[in-house]
Amino acid sequence: METYDTGKPIQETIIADATSGADALEYFGGLAGSLTGEHIQLGEDFVYTKREPLGLCVGIGAWNYPTQIACWKGAPALACGNSMVFKPSETTPLCALKVAEILHEAGVPAGVYNVIQGLGDVGAQLITDPRVNKVSLTGSVPTGRKVYSAAAESMKHVTMELGGKSPLIVFDDADIEDAVGGAILGNFYSSGQVCSNGTRVFVQKGILSKFLARLKERTEKAVIGDPLDENTNFGPMVSERQADIVLGFIKKGIEEGATLVLGGNKLDRDGYFIEPTIFSDVTDEMTIARDEIFGPVLSVLSFETEEEVIARANATEFGLSAGVFTQDLKRGHRVIDQLEAGSCWINTYNLAPVEAPFGGVKMSGVGRENSKEAINHYSEVKTVYVAMTPVEAQF
Ligand code: NDP
């Protein structure tokens with residue numbers, strides 16, 4: 001169903017999408033019974049805290065991971081005792097309905113997890129509804145800005161999982177096959193339609209030509225084809241609109257002087273297939289190095305020093321993710337410490353297990369999904385002060 005909804009290869013969707021949704025349901029289902037408050041002793045008096053549900057939570061999803069997003073929002077919301085109204089993207093309306101069906105089959109009472117279809121205006125109406133206590137959006141920065149400010153009108157809680165333009169930094173001493181693998185995973189999985197992708201691949205000068213050669217060689221092996229064929233490992237774009245956006249960026253990259261190393265074309269076959277595309281000689285001010293493309297376009301930028309690459313990596317309004325490839329452990333941690341990003345990797349890229357918090361800083365969002373952190377974003381704390389001593393009033 002995920003493949004029908006998105007066009008992503010079934011080779012991916014059976015291991016990454018349905019599985020990640022199921023992981024979230026199991027993880028938060030397990031966590032539900034462990035949610036406790038605190039006891040704070042204050043002499044004879046004491047305070048206890050209780051974790052309470054927020055009430056009605058609205059989830060609004062992007063089209064790139066319809067099953068995962070429906071579960072990443074629904075599972076922690078329900079585990080904390082909330083109900084949810086989820087609006088999937090109209091581009092991919094099917095999977096959330098299946099999630100709802102599964103939840104009902106598993107015994108979740110009617111009305112606890114609900115799916116409503118519609119375009120952005122339906123989402124906008126949900127946010128302003130006074131019965132709603134929280135909004136969690138996965139989407140683009142412009143939509144995030146609108147949703148966040150609409151939610152602020154009535155002081156609703158928010159989680160914003162928005163876009164990115166993340167750096168993936170490869171130092172001279174990196175294991176080159178791992179680094180190339182990371183760049184491929186971080187740019188071509190789901191045909192590049194992944195928010196945390198490391199689309200600015202900074203490669204240190206000493207290994208630049210070797211890195212580019214291996215990246216090209218390995219990317220040429222992509223099996224592009226029918227997403228329902230299990231041999232296919234690179235599918236089409238989700239829609240004609242998204243394909244046109246990506247082709248526009250590729251054109252811009254060429255016009256602005258980047259070197260096209262591989263791909264760059266729309267394939268002459270049914271569906272919105274764009275070849276995996278690699279640019280080199282990309283500079284920081286080029287459009288393809290600044291804007292989120294959300295397609296299979298990898299930009300290689302070269303660098304010389306650690307200090308330089310950290311400054312350049314951080315010179316973006318986004319802050320979702322970052323990756324570093326190096327065999328020097330101290331450098332790995334030192335560099336990651338200085339990168340302005342919420343979800344980071346050392347010597348791998350784009351793994352997002354449910355046990356780990358996920359989310360961005362700067363314009364990439366607020367709040368975190370997954371892990372125990374998500375509990376804080378789907379519940380609130382009630383503080384109860386209990387006096388065991390006489391009340392001492394001033395008069
Ligand atoms: P959009 O921001 O266009 O849409 C996201 C969702 O919001 C859709 O369901 C959309 O409805 C809805 N929406 C649009 N306008 C409003 C509004 N005014 N009020 C309420 N809801 C609204 O994103 P895309 O679907 O195009 O997804 C791609 C974007 O999502 C990328 O920028 C990507 O980076 C980001 N993303 C972020 C992730 C993260 O975790 N950080 C993960 C995945 C994607 P509809 O489209 O049906 O009209």
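Both counts, for ligands and for their atoms, begin at 1 and track the order of listing.
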>> Check Lys98 with Glu2, please: is the shortest side-chain N to carboxylate O separation under 4.0 Å?
In response: no
>> Check Lys252 with Glu255, please: is the shortest side-chain N to carboxylate O separation under 4.0 Å?
In response: no
>> Pair Phe325, Phe202 - check ring pair (Phe, Tyr, Trp, His ring centres under 6.0 Å), show working.
In response: CA-CA 10 Å; Phe325 278 85; Phe202 289 95; over 10 Å; no
> Out of curiosity, Thr159 OG1 to Tyr378 OH, how far, rounded to the nearest 0.5 Å?
Replying inline: 5.0 Å
> Can Tyr65 be reached from Phe358 by stepping across I, L, V, M, F, W or Y side chains whose heavy atoms are under 4.5 Å apart?
Replying inline: no
> Which heavy atom in Met160 sits nearest to a heavy atom in Val147, and how many Å separate them?
Replying inline: CE-CG1, 3.6 Å
> Listing by chain and number, which residues have a heavy atom under 4.0 Å from ligand 1?
Replying inline: Ile60, Gly61, Ala62, Trp63, Asn64, Lys87, Pro88, Ser89, Glu90, Gly118, Leu119, Gly120, Gly123, Ala124, Ile127, Leu137, Thr138, Gly139, Ser140, Thr143, Lys146, Val147, Glu161, Leu162, Gly163, Cys195, Glu292, Phe294, Leu320, Phe358
